[in-house]
Amino acid sequence: MLDSVRVRLTLWYTAVLTLVLIVLALITYFIFWRSTVQRTDVNLSELSEAFLTTLDAEMKDQSGSDPLKLAGQVAITEHRFRDHIFAIFDAAGNAVVSSQEVPPSIPATGSSSGNPLSSHSFQRFLDASARTDRLFGEVKGGRDGYRCFARHFSSSGKAYTLVILQSLHPQQEMLEEVTSTFAWVIPIAIVLASVGGYFLARKSLAPVVAMSSQAGRIGAANLHERLAVQNDRDELGQLAHSFNSLLDRLSQSFERQRRFMADASHELRTPVAILRGESEVALSQKERSVGEYQESLGVLHHEAKRLTHIVEDLFTLTRADAGQYPLQPRDFYLEELVAECVHSARTLALAKRTSLTFEEASESPIHADESLLRRMILNLLDNAIKYTPEGGRVTVTCRRLGDEYVLSISDTGGGIPADLQPRIFERFFRADKARSREENDGGGAGLGLSISRWIAEAHHGRLELTRSDSTGSTFAAYLPAGPPTSATRG
Ligand code: ADP
């Protein structure tokens with residue numbers, strides 16, 4: 001049950017609400033109690049004022065032996081309220097007059113009689129009042145205790161203390177009423193709010209539930225389906241939007257993968273078919289001359305080489321796509337590597353009577369994967385020679401431009417048609433399929449340039465076709481030069 005977000009949200013909401021209501025109830029109770037006490041104190045203070053005025057007036061009319069006692073009795077009768085107790089004590093702490101009997105000594109068990117004047121707490125209050133002019137306090141007794149007020153006054157040159165006690169029972173009753181109201185209002189509020197909270201959470205999460213079941217139905221077969229976006233400005237709309245763009249990317253990647261597989265199998269079919277056809281022909285004739293066998297084996301070898309080349313290229317690309325082609329960089333001189341590659345390609349150029357020149361470059365130390373860069377340069381040289389008619393010219397240069405090396409390979413071939421130029425780095429793309437297949441040696445499958453571009457990018461560089469027209473093409477590889485290295489001469 002706790003696995004449901006709805007339930008968890010409701011529980012959190014209920015817990016927070018309960019806490020808020022309890023804190024609110026406590027604060028309300030405290031404020032109520034404080035204002036009650038303040039009102040009682042004001043009342044006691046005003047009452048003492050009125051009592052002393054009456055006492056003063058009565059004293060003038062008294063002529064007996066103890067005028068204060070008589071005047072006090074009259075004042076008590078005049079100011080007596082149901083919940084109040086008046087008492088006057090002399091400086092020795094003896095009661096002169098009181099509206100309730102004052103015991104001569106306080107019993108050890110405290111105020112078992114309910115008379116507050118006989119409680120220990122009252123005695124302590126009386127003692128404390130001697131030290132200050134006015135004092136408020138609380139004493140035990142009665143049902144809920146008393147609030148009491150003591151103030152000094154003098155009469156006929158003697159000091160006395162007037163004490164007024166007010167029962168706290170009515171206030172306590174009111175506070176109890178407030179408490180019991182909270183006791184039933186808070187649970188009802190919590191129950192109502194949590195039921196409402198649950199329905200609110202259910203309603204708010206309903207689109208998420210719908211989205212998740214819709215997403216659950218989307219698979220490879222119906223990857224084109226998308227989640228419905230109710231309002232693309234709210235959070236759920238944005239979630240659906242993000243999910244849909246994820247599906248877009250997935251389906252593009254699926255499509256790329258599918259095309260790659262189809263193209264790859266198409267490219268592999270031709271050499272495999274030639275291998276099968278050639279071997280079938282060789283085996284079908286019982287008696288064949290050595291020359292014929294050699295010719296057949298030559299074709300088989302050529303196609304096997306072509307097949308190996310394609311499979312290796314495919315393997316490189318799949319590993320590169322999966323980010324599993326670890327670079328093995330080391331320090332070396334780029335111009336030396338270029339010179340080596342030009343040297344290797346010379347045989348191929350000679351066979352086509354193409355001039356191949358490398359314009360000597362200055363020292364170009366670099367930190368890179370040498371075997372990958374060799375592969376890239378050989379690919380570009382191979383293409384330049386392959387697509388340049390006999391008697392043409394291929395020129396290689398390597399120079400530093402700012403903080404990068406620019407390695408450019410120019411030829412005097414027929415160039416690439418302008419409309420096809422943007423596509424030449426695509427996998428399996430060949431500008432002129434018939435020509436490239438019949439002319440190439442080892443058979444290109446249209447993967448060379450995509451691998452070369454990946455190699456440049458894996459080195460944080462780039463590979464571009466900078467010129468291609470009827471006078472020829474130029475491919476330029478830009479490679480970061482990096483800081484000076486400790487490259488050693490090979
Ligand atoms: P391929 O194996 O066919 O050479 P690449 O990826 O190396 O594949 O090249 C893709 C296509 O770009 C080639 O088929 C060719 O049409 C074109 N191309 C590449 N280099 C040159 C060049 N130097 N001159 C003319 N066309 C080129």
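In listed order, ligands and their atoms are each counted from 1.
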Roughly how far apart are [X] [atom1] and [Y] [atom2], rounded to 0.5 Å?
X      : Y      : atom1 : atom2 : answer
Glu138 : Leu165 : CD    : CG    : 11.0 Å
Leu479 : Leu407 : CG    : CG    : 7.0 Å
Ser362 : Tyr333 : OG    : OH    : 11.5 Å

Would you please determine whether [X] falls within less than 4.0 Å of ligand 1 on a heavy-atom basis?
X      : value
Ile416 : yes
Phe425 : no
Gly446 : yes

Below 4.0 angstrom from a heavy atom of [X], which ligand 1 atoms are there? Numbered from 1 as shown, please.
X      : value
Phe429 : 10 (C), 11 (C)
Lys386 : 4 (O)
Ser473 : 24 (N)
Gly448 : 5 (P), 6 (O), 7 (O)

May I ask you to check if ligand 1 and [X] share an N or O to N or O distance below 3.5 Å?
X      : value
Asp411 : yes
Leu449 : yes
Gly415 : no
Ser450 : no

Distance-only side-chain donor-acceptor flag, Ser167 / Arg147, under 3.5 Å
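Absent: no donor and acceptor within the cut-off.
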Do you see a donor-acceptor pair shorter than 3.5 Å between the side chains of Ser296 and Glu278?
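There is such a pair (donor and acceptor under 3.5 Å, judged by atom type) between the side chains of Ser296 and Glu278.
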Under-4.0 Å salt bridge between Asp321 and Arg427:
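Yes, this pair counts.
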Check this for me, if you would: do Lys305 and Glu303 make a salt bridge, where the nitrogen-to-carboxylate-oxygen distance has to be below 4.0 angstrom?
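Result for this pair is no, no salt bridge flagged.
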Partners of Glu390 by salt bridge (Lys or Arg N to Asp or Glu O under 4.0 Å), sequence neighbours excluded?
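Per chain and number, Glu390 pairs via salt bridge (Lys or Arg N to Asp or Glu O under 4.0 Å) with Arg353.
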Answer side chain, backbone, both or neither: which part of [X] comes under 4.0 Å from ligand 1, heavy atoms only.
X      : value
Leu447 : backbone
Ala431 : both
Ala445 : backbone

Please check if the side chain of Lys352 supplies one atom and the backbone of Thr388 the other of a donor-acceptor pair under 3.5 Å.
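Present.
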